[in-house]
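Here is the structure we will look at, set down as structure tokens.
First listed ligand is number 1; within each ligand, the first listed atom is number 1.
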Amino acid sequence: MDTPSTAGAKADFSSIYTAPDPRPYYTTLAELDYQIPGTAMGLVQRALEAMGGEPQILDLACSYGINGAILRTGTPYDELQSHYADPALADLSTDELRQRDREQFCSSVRQSRVVRGLDASAPAVQYAVDVGYLSEGWAEDLESDEPSAQFAAGVAGTGLITCTGGIGYLGVPTFARVLGVLDDPHNVWLMSFVLRMYSFEQIAAECERYGLVTEQLPGVLRQRRFADEGEQRTTIEAVRSRGIDPEGYESEGWYVADAFLTRPASAVRERPLESLFA
Ligand SMILES: C[S@@+](CC[C@H](N)C(=O)[O-])C[C@H]1O[C@@H](n2cnc3c(N)ncnc32)[C@H](O)[C@@H]1O
């Protein structure tokens with residue numbers, strides 16, 4: 001198991017993002033009580049109900065298709081975590097695990113719910129698509145590169161964009177490039193879960209260029225515990241410098257995230273935020 005290296009900043013998990021299968025990801029993060037995909041997808045489910053129909057979803061920084069797995073198979077996050085951290089599965093090859101996952105989780109996947117994914121990690125995206133957690137996926141880094149023609153064509157019909165644990169890695173360039181390839185960027189919804197050390201303002205401003213309005217949901221979501229004191233110290237400083245009181249959250253040892261809903265101004269007028277998440 002790789003140990004995250006830290007230098008006072010956020011722990012470096014790059015090796016668990018690029019392993020051939022999700023076991024190191026879930027096992028390492030379970031030790032830190034990682035939990036945001038589960039709670040975030042509960043809120044995304046509410047947004048989907050408010051939107052009506054079956055909008056096509058694009059999950060940014062999708063990793064091993066965690067959000068896709070929850071949304072397409074109905075498997076709770078805790079169950080996915082226990083599965084991948086199960087010592088009884090530790091000796092399986094990646095091929096054996098993939099086959100088993102396909103049978104266990106995706107034999108009755110909700111095909112009508114389209115969840116596509118983007119992540120910089122090719123092995124993670126490949127695993128998610130192979131098992132069926134994602135309908136389609138692309139390993140691209142839109143922070144530095146233009147989107148491929150395949151990505152642009154594949155995600156054009158997106159109605160809802162989701163992002164958990166990704167902002168900080170992803171910023172305005174990715175969001176601008178994704179919005180730029182959509183057929184109807186003026187009508188897309190976004191649900192973004194953002195650690196309180198980061199600002200969502202610039203991404204919200206990019207969305208505003210398409211007439212999309214961003215509102216912050218009340219409350220915060222726990223993401224995970226800090227890996228060490230260095231992470232906690234730098235996060236508390238960053239949160240304070242943004243004018244946020246860390247008491248009860250970061251001061252208690254937790255990374256916590258704000259939730260933002262971005263949608264067309266007409267939808268904001270028709271369905272006030274409070275009525276969606278009451
Ligand atoms: C903390 S994980 C979040 C994964 C998942 N959404 C979740 O909630 O558990 C961050 C992800 O961002 C991805 N990532 C980092 N930089 C990226 C970039 N420039 N473009 C796309 N994905 C990136 C990593 O590969 C990793 O899968």
Side-chain angles (χ1 to χ4, degrees), residues 2 4 6 9-44 57-72 75-81 83-85 115-129 133-134 137-148 151 155 160-178 181 190-195 197-198 203 221-227 231 235 254-259:
D2 297 298
T6 53
K10 197 154 174 276
D12 176 5
F13 286 119
S14 41
S15 63
I16 64 168
Y17 294 162
T18 53
D21 67 58
R23 285 173 291 190
Y25 186 89
Y26 281 97
T27 308
T28 302
L29 292 177
E31 289 163 12
L32 300 172
D33 291 328
Y34 190 68
Q35 53 191 256
I36 194 149
T39 39
M41 289 310 105
L43 296 173
V44 165
I57 300 166
L58 172 62
D59 188 37
L60 300 179
C62 63
S63 182
Y64 296 90
I66 298 152
N67 294 334
I70 298 169
L71 293 171
R72 297 191 87 217
T75 310
Y77 181 74
D78 290 357
E79 208 176 297
L80 291 166
Q81 186 165 271
H83 169 73
Y84 287 113
V115 183
R116 301 187 177 92
L118 172 83
D119 197 283
S121 167
V125 173
Q126 188 64 54
Y127 194 91
V129 172
Y133 295 148
L134 293 177
W138 294 268
E140 300 188 19
D141 180 348
L142 303 189
E143 285 300 289
S144 40
D145 303 319
E146 291 300 323
S148 68
F151 173 82
V155 305
L160 172 66
I161 295 171
T162 54
C163 187
T164 59
I167 287 164
Y169 298 109
L170 310 186
V172 172
T174 297
F175 281 80
R177 285 173 166 143
V178 169
V181 300
L190 297 90
M191 281 213 80
S192 313
F193 299 86
V194 186
L195 288 177
M197 62 204 277
Y198 300 123
I203 296 172
L221 290 81
R222 283 179 170 179
Q223 182 148 321
R224 66 166 170 83
R225 291 184 189 279
F226 293 117
E231 270 197 346
T235 305
W254 288 93
Y255 269 121
V256 295
D258 291 321

Legend entry - Residue pair Tyr198, Ile203: steps toward the side-chain contact (heavy atoms from CB on, under 4.5 Å) verdict: CA-CA 11 Å; Tyr198 300 123; Ile203 296 172; over 6 Å; no
Between ligand 1 and the protein, give all atom pairs where both partners are nitrogen or oxygen and the distance is under 3.5 Å, as lines of names plus distance to 0.1 Å.
| residue | atom | partner | partner atom | Å |
| --- | --- | --- | --- | --- |
| ligand 1 | 6 (N) | Ala61 | O | 2.7 |
| ligand 1 | 6 (N) | Thr164 | O | 2.7 |
| ligand 1 | 6 (N) | Thr164 | OG1 | 3.2 |
| ligand 1 | 8 (O) | Tyr34 | OH | 2.9 |
| ligand 1 | 8 (O) | Thr164 | O | 3.1 |
| ligand 1 | 8 (O) | Thr164 | OG1 | 2.6 |
| ligand 1 | 9 (O) | Tyr25 | OH | 2.6 |
| ligand 1 | 9 (O) | Tyr34 | OH | 2.7 |
| ligand 1 | 19 (N) | Asp141 | OD1 | 3.0 |
| ligand 1 | 22 (N) | Ala120 | N | 3.1 |
| ligand 1 | 25 (O) | Asp119 | OD1 | 2.6 |
| ligand 1 | 27 (O) | Asp119 | OD1 | 3.4 |
| ligand 1 | 27 (O) | Asp119 | OD2 | 2.7 |

Inset, instruction - First locate atom CD1 of Ile66, then atom CG of Leu71, and finally report the distance between them rounded to the nearest 0.5 Å. - result: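 Reported to 0.5 Å precision, the distance equals 12.0 Å.
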Inset, instruction - State which residues pass ring-ring contact (aromatic ring centres under 6.0 Å, His included) with Tyr34; sequence neighbours excluded, sorted by chain then number. - result: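 In terms of ring-ring contact (aromatic ring centres under 6.0 Å, His included), with neighbours along the sequence ignored, Tyr34 is linked to no residue.
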Inset, instruction - Step by step, work out the side-chain contact (heavy atoms from CB on, under 4.5 Å) result for Ile36 and Tyr255. - result: CA-CA 10 Å; Ile36 194 149; Tyr255 269 121; over 6 Å; no
Inset, instruction - Could you tell me whether Arg177 and Glu140 make a salt bridge, using a distance below 4.0 angstrom between a side-chain N and a carboxylate O? - result: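 Judged by the 4.0 Å cut-off on N to carboxylate O distance, Arg177 and Glu140 do not form a salt bridge.
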Inset, instruction - Quick one: sort the Tyr84 and Tyr127 rings into parallel, tilted or perpendicular, breaks at 30° and 60°. - result: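 Judged by the thresholds at 30° and 60°, the geometry between Tyr84 and Tyr127 is perpendicular.
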